[in-house]
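Here is the structure we will look at, set down as structure tokens.
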Amino acid sequence: MRKINKVSSAEQTENAQVDKPFFLVSAVVILGMILLMVIFDKQTGALMNDLYNFTAYNFGWAYLAITLIFLFVILYIAFSKLGRIRLGGPKARPEFKTMTWIAMFFCSGIGTALMTWATKEWAYYMQSPPFDMASGSVMATEYAMAYPIFHWGPLGWVIYSVLAFPIGYMYWNRNMNTYHFADACSGVIGERNAKGLLGKIINFTLILGLIGANGTSLGSGTPMLSESVCQLLGIPHTFGVDIVVVCIWTAIFTTSVTLGLQKGIKILSDINVIGVLTLLAFILIVGPTSFIINNYVNAHGIMITDFFRMSVYTDPIGQTGFAQDWTVFYWAWYYAYAPFMGAFIARVSRGRTLREIAISTLGAGTIGAGIFHGIMGGNAMHQQLSGSLDFIGILNEQGDAAAIVASLRQLPLSLIILIVFCFCGFIFSATTIDSAAYSMAQTSCKEIKQGQEPPRYVRLTWALAMGAIALVVMNIGGMTPVKTSSLLVALPIMIFSVLAVISFFRWVREDKGKILAEIEEDQALMEAEYRGESTPAMEESGE
């Protein structure tokens, strides 16, 4: 039986040393950029859009090709001898139970953006389908459910998890005492550059990417939560309501991030999973159950059949912009999150093998996101096709928040559903943002030894900063500047990710003899634990 290593309260409260110059400069630069975007909102919005379009149309192929290559890299790691490497060495055992561990990385990487897009994404593809399909046709409608599952499926989780291998290996197995993105590239750029100016620039891309990527998530989720609250209370949707909503989830994730992993993020993730499973099960039961299941299975069939076509579709002849506006956009969004997710998955995965990490992130992440789209999107699609609700009409005329709430209100016991929906939305937002703030705080520290956490004031600063940014960008009437800045940063992040993966393979080649010995030791220890014998790992964990 797998043993769970308990972390003492003393270890939880030990603070790492902050890199104050980097922390202060990063905070000032971010603040300055936001102020410029507020003052010159129209100009920066237009400039950012032009830059993104140039990047997406000229380098979109690179996002698609490199991501597909990363898929094969992860599969190789999972099913080769490398997959048996255990983060922390043979004696290490997991800090979190398996379901809690999965909940933590799933909730951290998704947020309320999934709740928003799961209900509405199919409607955009049905109206403007790929592959030269006729708008609103049967084929377009079938692909309208397959593409959301593809966009939130295995390749997205490949981008999220690929950096967990170099970051986790360098921290837990090479004892480098850092989660820095730059240090993960040090096998290629050298330790001196990783600690120098180039390293500071690489680490700053993580913070800038997170600010923009979370801006995208909050920009999607906050209006939806506000609309749900307004419907429940029978009040008009104003910017004042948005402020209250932001303040509520800011209070939640600020409290959580200051408590740390064991008492904050862990508990929020567990609560979140229970809430969303209850919500999805209820919608499946009271909604069009047969249609939802059939549509879900059919969509997976299409995705599996056309997986490689969808993975490298650049639309060079038709030039409809579908690939650039959707697939490239999603991959860029994920790359903006990638260093954070890699560091976070590495942090919570001590005692897990690389095979466990690969299979669990790709498998659980894909299944979880697919269920969201299958149930919430399938319910809304059935309402559109059956004529019980003009979902697309409401979406186009009143906005996505109104359409999502209208879809939920069509269900039996809609009041209860809306309450649970709001609750899950708040917790989802809090889980994502506090995990991001934790990762940004890690990056702001010089090093983090085992048993240490970033100081609370650093975590609190980044948590409050993201809440303030959400209010600023909604006040100026759009997320375009911040959102697009994250996508521009995604291009260098993708390049640095390639360097990090190459660094990982260089390290394991250098450590080949040690790795083979540890794999044999790990196998012996696991067999002994299975037989119920006492082992050093069990003694260290107090079992």
Side-chain angles (χ1 to χ4, degrees), residues 1-12 74 77-78 82-109 157 160-161 163-175 177 179 259-274 341-365 368 431 435 438-439 442 448-453 515 518-519 521-543:
M1 181 179 294
R2 175 66 56 82
K3 303 297 181 183
I4 306 299
N5 183 47
K6 304 297 183 182
V7 179
S8 70
S9 58
E11 288 178 323
Q12 292 177 29
I74 287 181
I77 291 173
L82 297 181
R84 297 170 63 185
I85 296 174
R86 188 177 301 279
L87 294 186
K91 297 179 182 178
R93 290 298 176 263
E95 184 178 347
F96 304 98
K97 294 180 180 179
T98 299
M99 288 307 299
T100 296
W101 173 60
I102 291 174
M104 289 174 76
F105 70 69
F106 181 80
C107 296
S108 298
W157 287 96
Y160 273 176
S161 61
L163 290 179
F165 302 115
I167 294 175
Y169 186 79
M170 75 176 184
Y171 184 84
W172 294 114
N173 296 70
R174 286 204 139 205
N175 301 314
N177 292 331
Y179 291 103
L259 291 174
L261 285 177
Q262 286 284 350
K263 295 181 180 179
I265 299 172
K266 172 184 177 294
I267 295 174
L268 271 186
S269 298
D270 286 339
I271 293 173
N272 204 1
V273 167
I274 295 173
M341 283 300 298
F344 186 76
I345 292 172
R347 169 60 186 86
V348 299
S349 296
R350 179 181 184 272
R352 304 282 176 181
T353 65
L354 301 189
R355 183 172 298 158
E356 284 181 272
I357 296 171
I359 293 175
S360 298
T361 51
L362 268 63
T431 309
S435 302
Y438 188 92
S439 183
Q442 285 180 324
I448 300 182
K449 298 178 181 179
Q450 294 187 23
Q452 290 183 332
E453 287 192 349
I515 289 172
E518 288 185 346
I519 288 175
E521 181 183 357
D522 184 67
Q523 182 66 29
L525 289 174
M526 294 300 292
E527 290 177 356
E529 287 186 19
Y530 182 78
R531 293 192 300 268
E533 300 173 5
S534 178
T535 68
M538 295 170 65
E539 292 171 3
E540 286 184 7
S541 63
E543 297 292 341

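The shown structure was predicted, so the numbers you read here are calculated from the model rather than taken from an experiment. Positions are given from 1, in the same order as the sequence printed here.
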Can Thr361 and Tyr160 be said to form a side chain to side chain contact (heavy atoms under 4.5 Å, CB included), step by step?
-> CA-CA 8 Å; Thr361 51; Tyr160 273 176; over 6 Å; no
In Å and rounded to the nearest 0.5 Å, what is the [atom1] to [atom2] distance from [X] to [Y]?
{"X": "Phe165", "Y": "Leu87", "atom1": "CZ", "atom2": "CG", "value": "9.0 Å"}
{"X": "Ile77", "Y": "Arg355", "atom1": "CD1", "atom2": "CZ", "value": "11.5 Å"}
{"X": "Ser349", "Y": "Leu354", "atom1": "OG", "atom2": "CG", "value": "9.5 Å"}

Backbone N or O of Ala346 within a donor-acceptor pair of the Trp172 side chain at under 3.5 Å?
->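 Side chain of Trp172 to backbone of Ala346: a pair is present.
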Side-chain contact, heavy-atom cut-off 4.5 Å: [X] with [Y]?
{"X": "Ile167", "Y": "Met341", "result": "no"}
{"X": "Arg84", "Y": "Glu518", "result": "no"}
{"X": "Ile515", "Y": "Tyr169", "result": "yes"}
{"X": "Ile357", "Y": "Trp101", "result": "yes"}
{"X": "Val348", "Y": "Glu95", "result": "no"}

Hey, can you tell me if Phe106 and Trp157 have their rings parallel, tilted or perpendicular (30° and 60° cut-offs)?
-> parallel
Provide the closest heavy-atom pair for Ser161 versus Ile345 in the form atom of the first, atom of the second, distance.
-> CA-CD1, 4.1 Å
If you take all heavy atoms of Pro90 and Glu521, which pair is closest and at what distance?
->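 Residues Pro90 and Glu521, closest heavy atoms: CG-OE1, 3.6 Å.
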Arg86 and Arg93: side chain to side chain contact (heavy atoms under 4.5 Å, CB included), yes or no, with the steps?
-> CA-CA 9 Å; Arg86 188 177 301 279; Arg93 290 298 176 263; 3.7 Å; yes
Please list, chain by chain and in numerical order, all residues satisfying side-chain contact (heavy atoms from CB on, under 4.5 Å) with Ile448, sequence neighbours excluded.
->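 Partners of Ile448 by the side-chain contact (heavy atoms from CB on, under 4.5 Å) criterion, ordered by chain and then number, come out as Ala16, Tyr171, Tyr179, Gln442, Cys445, Gln452, Pro454.
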